[in-house]
Number of protein chains: 2
Amino acid sequence: MDLHSIKVACSSCNLRELCIPVGLNPGEMEQLDNLIANRRRVRRGAALFAAGDAFTSLYAVRSGFFKTSVTTADGRDQVTGFQMAGEILGLDGIVQDKHSCSAIALEDAEVCVLPFDKLEQLSREFSALQHHVHRIMSREIVRDQGVMLLLGSMRAEERLAAFLLNLVQRLHARGFSKSEMVLRMTREEIGSYLGMKLETVSRTFSRFQDDGIIEVKQRYVRILDPDALGAIVNHASPDGD
Amino acid sequence: MDLHSIKVACSSCNLRELCIPVGLNPGEMEQLDNLIANRRRVRRGAALFAAGDAFTSLYAVRSGFFKTSVTTADGRDQVTGFQMAGEILGLDGIVQDKHSCSAIALEDAEVCVLPFDKLEQLSREFSALQHHVHRIMSREIVRDQGVMLLLGSMRAEERLAAFLLNLVQRLHARGFSKSEMVLRMTREEIGSYLGMKLETVSRTFSRFQDDGIIEVKQRYVRILDPDALGAIVNHASPDGD
DNA sequence: CGGGCGGTTGATCGAGTTCAATGACCGTGG
DNA sequence: CCACGGTCATTGAACTCGATCAACCGCCCG
């Protein structure tokens, strides 16, 4: 029981500057503490929720790392995102009262469970919380637009460069290095997310390494030349203007 | 003045079964009527809002047809969606109080302006409206996941087939034909949305026509064999299982 | 120490892009 | 009413990037 429902407080959480509590005053945060039913542990490889599951709650990642993916009728699937501490999972479930994607832990993880009916109730009382919920959903929409841009109009090198910069930037916001990281996902998962095959991901990593832009050793990646990476992202055509 | 701010009522709108009012009782709908500041006309080719514009309102498409698109630093842009009557525009603006994409009218259009602060206020009073706003945002997130799936893991034929079926289905929900349509966008815009070049779009149209699946004449499209189109979408590999 | 999963690298292939020319449609003005 | 210009669409031919097929490596864990 203790393992699967641990009472915690947003007000004392070290993610409060990144997670739901952002911008709430102490009184509002206390209400939020009452909302959070419990935490839930998810083992590496296990699903927090799967496509088709009934929707009841949103989840705030407390520790660990997730991927979300959608699946077609014929079995192919597409990774739609990777989520780390402080990020919110489950927004897809609201429309149809069931989840349309699956969330799988890529390493042992822990999430805070936010029963959605209670969150709505509390949002009606506190306009700051209400607006914050709206912002979180809008942020997800904007993020998705960015992924569409990436998938629809970037070449392999640009996609991987954008992916690495995005990842390291989010890790940095959580206190990790600005230039080093250990990837939590396989080449195949990166490929699925970026719309390319695992071999292409691997080759592109190698090319970046040969060019002295990054250092790669399996899951470990170090960015040596962030500017070069940035230049790759927003400079498609190989002309020199 | 009259041309640009026309008072209207959701309660008497013929889109009330598709738009914001869905599921609201008469009292709630009356409140909604007070919310809607006015309508706004947008000429073909003009922007309802552009990336970077201050966010103040959501917009419900009353008539006409829009595209939304995002632009990279280096000038490429990606069409992220097409919107028709009853659909909501502007959700991307909430996070940063400014729009991150542009909405361009593909034909003369009219929208209902929904000031977002007032919508939030009203949502706090009426939980049905609140939940409905959440559903609209979640629906957009799920739609975006579908586009990612399309862009990340489908081939040209599948993308176009999925696109045509989606479009005709939405038109049918609005009382139009189940099999015929006139496209409001160019081949280039379709290509941008689907992550392919206009020539490929055109060639794929021609191939579908040669196969007797559709009839195409410029912007006019008639679906002759919807099942074949459906089979193309969720049956990637050309093996016969 | 051996088995297996994940990753790298090479060789070949092909879907879709690119470049280019032609054709259809539409509004405008002579 | 028709000629003209412009935009949008179609089609062909050559090319290219990334996919596919295949072999091998290396790291981790039992």
Side-chain angles (χ1 to χ4, degrees), chain A residues 44-45 67 76 78-79 104 106-108 150-164 182-211 214-221 232 236-239, chain B residues 43-45 65 67 76 78-79 104 106-108 150-161 163-164 181-211 214-222 232 235-239:
Chain A
R44 176 195 159 106
K67 69 168 175 182
R76 282 172 298 176
Q78 169 73 25
V79 172
I104 310 288
L106 295 182
E107 58 183 2
D108 290 357
L150 181 146
L151 290 172
S153 66
M154 289 189 178
R155 325 238 259 65
E157 288 193 353
E158 304 174 70
R159 293 181 197 194
L160 190 63
F163 170 73
L164 290 174
V182 176
L183 302 175
R184 252 70 233 214
M185 67 296 278
T186 66
R187 298 288 188 262
E188 183 165 24
E189 286 160 341
I190 297 172
S192 173
Y193 179 58
L194 298 180
M196 48 208 256
K197 295 287 134 174
L198 69 94
E199 294 94 328
T200 309
V201 174
S202 181
R203 270 185 248 275
T204 308
F205 268 124
S206 300
R207 198 172 325 135
F208 284 173
Q209 178 158 245
D210 293 347
D211 294 350
I214 64 174
E215 186 190 329
V216 200
K217 202 174 184 186
Q218 306 287 125
R219 302 278 178 108
Y220 169 85
V221 177
I232 289 172
S237 43
D239 59 33
Chain B
R43 291 238 155 272
R44 176 195 160 107
F65 205 90
K67 70 169 175 182
R76 283 172 296 177
Q78 169 73 24
V79 172
I104 310 288
L106 296 181
E107 57 183 4
D108 289 359
L150 181 146
L151 290 172
S153 66
M154 290 188 177
R155 325 234 264 73
E157 287 193 353
E158 305 174 70
R159 293 181 196 194
L160 190 64
F163 170 72
L164 290 174
M181 59 188 150
V182 175
L183 302 175
R184 252 69 234 216
M185 68 295 279
T186 67
R187 298 289 188 261
E188 183 164 23
E189 285 160 341
I190 297 172
S192 172
Y193 180 58
L194 298 178
M196 49 208 254
K197 295 286 135 174
L198 70 94
E199 293 94 328
T200 308
V201 174
S202 181
R203 272 184 245 275
T204 309
F205 268 123
S206 300
R207 199 172 325 134
F208 284 172
Q209 179 157 246
D210 292 347
D211 295 350
I214 64 175
E215 187 192 328
V216 200
K217 201 174 183 186
Q218 305 285 129
R219 303 278 178 106
Y220 169 85
V221 177
R222 172 179 211 152
I232 289 172
H235 204 12
S237 42
D239 58 35

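Order of the sequence lines sets the chain letters (A, B, ...), proteins ahead of strands, with each chain counted from 1.
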Practice item. Check for a donor-acceptor pair, side chain of B/R184 on one end and backbone N or O of B/L106 on the other, with a separation under 3.5 Å. Key: no

Review point. Base, sugar-phosphate, or nothing for A/S202, non-hydrogen atoms under 4.0 angstrom?
Key: base

Exercise for review: Sequence neighbours left out, what passes side-chain contact (heavy atoms from CB on, under 4.5 Å) with B/E199? Give chain and number order.
Suggested key: B/K197, B/R203

Practice item. Produce a footprint string for nucleotides 12-30 of chain D: one letter per nucleotide, 5' end first; B if the base is under 4.0 Å from any protein heavy atom, S if only the sugar-phosphate is, - if neither. Key: BB----SSBB---------

Practice item. Please tell me if the side chains of A/T186 and A/L198 come closer than 4.5 Å, counting only heavy atoms from C-beta onward. Key: no

Exercise for review: Return the value, rounded to whole Å, for the distance between atom CG of B/L198 and atom P of D/dT7.
Suggested key: 15 Å

Study note, to complete from the structure: Residues B/A156 and B/T200: closest non-hydrogen pair is CB-CG2, 4.1 Å

Review point. Any idea which heavy atoms bring A/F205 and A/R187 closest together, and the distance?
Key: CD1-NE, 3.6 Å

Check your understanding: Are more than 12 heavy atoms from other residues, nucleotides or ligands located less than 6.0 Å from atom CD of B/Q209?
Key -> yes

Review point. Quick one: does A/Q78's side chain have a donor or acceptor within less than 3.5 Å of a partner on A/S192's backbone?
Key: yes

**Study point:** Heavy atoms from other residues, nucleotides or ligands near CZ of B/R43 exceed 12 (cutoff 6.0 Å)
**Key:** no

Review point. Going 5' to 3' on DNA chain C, which nucleotide is the first and which the last to come under 4.0 Å of a heavy atom in chain A?
Key: C/dG6 to C/dA11

Review point. Can you tell me how far P of D/dT7 sits from CD of B/E189, to the nearest Å?
Key: 14 Å

